[in-house]
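Here is the structure we will look at, set down as C-alpha cells.
Order of the sequence lines sets the chain letters (A, B, ...), proteins ahead of strands, with each chain counted from 1. What you see below is based on every heavy atom in this structure, not just the backbone, and it leaves out hydrogens, waters and symmetry mates.
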There are 2 protein chains.
Amino acid sequence: MSMADGPGTQAHVGEALLYLTDEQLRQGIEAMYFAYRAFTADPDRILQGLDYGRAHHRAVHFINIVPGTTVNNLLSILGVTKQSLNRVLRTLIEDGLVESRVGRADKRERHLFLTEAGKELEHRLSDAQRARMRAAYRQVGPEAVAGFRKVLEAMMDPEMRRHYSGLREVRG
Amino acid sequence: MSMADGPGTQAHVGEALLYLTDEQLRQGIEAMYFAYRAFTADPDRILQGLDYGRAHHRAVHFINIVPGTTVNNLLSILGVTKQSLNRVLRTLIEDGLVESRVGRADKRERHLFLTEAGKELEHRLSDAQRARMRAAYRQVGPEAVAGFRKVLEAMMDPEMRRHYSGLREVRG
DNA sequence: ATTGGAATGTCAACAACGCTGACTTAAAGT
DNA sequence: ACTTTAAGTCAGCGTTGTTGACATTCCAAT
C-alpha cells in the first residue's frame, strides 16, 4: 500500500474507489491548502497592526478553551518549544491579555487565564473565523459538514487527536 | 448575520441547524487546525535536512501542476511577493530541480519546469501527503470525502478558487 | 536534609519565510 | 521616444519556529 504504490493505482479498480485516484487525492491536497489560507486570512488581518501574529491567536484560543491550563499543557497542545511559546505568552501577559497565576498545589506551575481584554480579542478573532465557516457550512448543508469533520479527524495524528476538543467531553 | 450575532445564535432555532452552533463551528475550526498540522507534517519531515522548507514544496507542487508557468502566474497562485518567491526559486534552480526558460513570444517571461530531479522530489513529497489523505479517505468513505471537498471549496476566497485545480478543466 | 529531577523562565543565536522599498535590465506596448 | 510590464536583486525587518545553555524554584525520594 502506502508510498510504494505507483501513481493511479486505484484508478483501475472500479468506480467505487474513484475518489482514491492520485488525481482526486491531489485535488484534496490543494483544497486543503487554499482553504487553510482563507481560513487564517481573516484573523491574520485583525492581528496585523496589533503587533500580534498567528502564534498569539493560537495561544489565546486554547487558553480560552481550557482556562487555567498550565504552560506545559499548552505546549503539548500547540506542539512548539517552550521558548517559542514563552515569547508569545510574555507579550500577552505584559499587554494584560493573559493572566499567569502560580499554582496552589504545585507552585512551579503557572495557570493561564484570559483577562477581560484577552477575552475581547479572542472573541473578535473567533467571530471572524466563525463567520467564514458558518457561511461555508450554510452553503453546503449538514451532511457535507459531517463528512468534512470526519475526514479532518481521520487525517489528524493520534497525538493531536487527543487534544481535539471535538472528541472531549469538556464543555459538553 | 456575521459578527454582530451573539454567541449561540443558531442554537435555539432547532435541530436542523444544530451544526451551526458557535460550539460546532469552534470544533470545526480546531479540526482544521489540527488536521492541517498533520497534513503538512510528513512533507516537512522530508524537507528538513534538504535545506528546503514549505515554500519550496509549494513552488515545486504548482510548477508540477502547471508546467511552463511564468513567475508572475506562480506569484498570483501562491499569493506571496516576488522577492519571497525569488529566494525559493533561485535555490531550486541552482540545485537543478527547476529549469527557467526564457519565453519565446515574450522574452521577458521565464517559463518554469521541473527537471528530472525536481520531479523526483515532487513525487516523494506528494506521495507522503497522498498516503495520509488516502488513509483518511479510506476510513471515512466517498460520501464523507465529497462533503469534505464541498466545505473546503466553500471556504476558499473567490480569488483562490480561481487557482484551485479541482475546478479547472486542465488535465482532465 | 541533601540530592535528583521536573517545571518554568531567560538569554543568545540561528533559520525559514513572509514583508517593504529601491533599483536594474530587458522587452513589450503605444 | 516614452511608459509599462516581467523579472531579478539587494538590503533590511518581523514573526515564529528551532537549539543549546543556564538559573530558579520546588516536589519527592533517598
Side-chain angles (χ1 to χ4, degrees), chain A residues 33 36-37 40-41 43-63 68-95 98-112 125, chain B residues 33 36-37 40-41 43-63 68-95 98-113:
Chain A
Y33 168 67
Y36 193 79
R37 256 178 53 187
T40 54
D44 282 359
R45 216 172 293 125
I46 294 173
L47 289 158
Q48 131 188 5
L50 292 182
D51 271 30
Y52 293 137
R54 228 174 261 184
H56 299 85
H57 181 188
R58 293 196 280 257
V60 162
H61 174 91
F62 284 106
I63 294 172
T69 183
T70 63
V71 173
N72 247 11
N73 185 39
L74 200 52
L75 282 179
S76 77
I77 293 175
L78 295 174
V80 296
T81 59
K82 64 178 176 176
Q83 294 90 332
S84 205
L85 176 58
N86 195 259
R87 182 170 33 197
V88 166
L89 280 181
R90 199 187 331 162
T91 67
L92 290 172
I93 292 169
E94 280 170 2
D95 296 352
V98 167
E99 198 193 333
S100 169
R101 296 185 205 153
V102 174
R104 276 176 311 179
D106 187 336
K107 291 179 197 167
R108 289 169 304 180
E109 296 180 341
R110 305 298 141 89
H111 299 276
L112 303 170
L125 295 170
Chain B
Y33 169 65
Y36 192 78
R37 257 180 48 190
T40 54
D44 282 359
R45 216 172 296 125
I46 294 172
L47 290 159
Q48 130 189 6
L50 292 182
D51 272 33
Y52 295 137
R54 227 173 265 184
H56 299 84
H57 182 186
R58 293 195 282 258
V60 163
H61 174 91
F62 284 107
I63 293 173
T69 181
T70 63
V71 173
N72 248 8
N73 185 40
L74 200 52
L75 282 178
S76 80
I77 293 175
L78 295 172
V80 297
T81 59
K82 66 175 176 176
Q83 294 91 331
S84 209
L85 176 58
N86 195 257
R87 182 169 34 195
V88 166
L89 279 182
R90 201 179 354 183
T91 67
L92 289 173
I93 292 169
E94 279 170 6
D95 295 353
V98 168
E99 197 194 333
S100 170
R101 297 185 204 154
V102 173
R104 275 177 312 179
D106 187 333
K107 292 181 199 166
R108 293 171 305 176
E109 295 181 341
R110 305 298 144 88
H111 299 277
L112 303 170
F113 300 87

To the nearest Å, give me how far apart [atom1] ([X]) and [atom2] ([N]) are.
{"X": "B:L89", "N": "D:dT9", "atom1": "CG", "atom2": "C1'", "answer": "14 Å"}
{"X": "B:N73", "N": "D:dA7", "atom1": "CG", "atom2": "P", "answer": "9 Å"}
{"X": "B:Q48", "N": "D:dT19", "atom1": "CD", "atom2": "C1'", "answer": "13 Å"}
{"X": "A:H57", "N": "D:dT16", "atom1": "NE2", "atom2": "C1'", "answer": "16 Å"}
{"X": "B:L47", "N": "D:dT18", "atom1": "CG", "atom2": "P", "answer": "16 Å"}

NA contact type, [X], heavy-atom cut-off 4.0 Å: base, sugar-phosphate, or nothing?
{"X": "A:H56", "answer": "sugar-phosphate"}
{"X": "B:R87", "answer": "base"}
{"X": "A:G103", "answer": "nothing"}

Nucleotides bounding contact with chain A, strand DNA chain C, heavy-atom threshold 4.0 Å: C:dG5 to C:dC11
query: Which one of B:N86, B:T81, B:V80, B:L85 satisfies the side-chain contact (heavy atoms from CB on, under 4.5 Å) criterion with B:Q83?
result: B:T81
query: Looking only at side-chain N and O atoms, does A:T81 come under 4.0 Å of OP1 or OP2 in D:dT18?
result: yes
- prompt: Between atom CG of A:L47 and atom CZ of A:R54, what is the distance when rounded to the nearest 0.5 Å?
  reply: 9.5 Å
task: Let me have a per-nucleotide readout for nucleotides 20-30 of chain D, 5' to 3', with B, S or -, counting only protein heavy atoms under 4.0 Å.
output: BB---BBS---
message: According to side chain to side chain contact (heavy atoms under 4.5 Å, CB included), who are the partners of A:R45, at least two apart in sequence or on a separate chain?
response: A:A41, A:D42
task: Name the orientation class of the two ring planes belonging to B:Y52 and B:H56 (parallel below 30°, tilted from 30 to 60°, perpendicular beyond 60°).
output: tilted
- request: Give the ring-plane orientation class for B:Y36 versus A:Y36, where under 30° counts as parallel, over 60° as perpendicular and anything between as tilted.
  value: parallel
message: Test side chain to side chain contact (heavy atoms under 4.5 Å, CB included) on B:L112 and B:E99; report intermediate values, then the result.
response: CA-CA 6 Å; B:L112 303 170; B:E99 197 194 333; over 6 Å; no
- request: I would like to know whether B:D51 and B:T91 meet side chain to side chain contact (heavy atoms under 4.5 Å, CB included); could you show each step before the answer?
  value: CA-CA 9 Å; B:D51 272 33; B:T91 67; over 6 Å; no
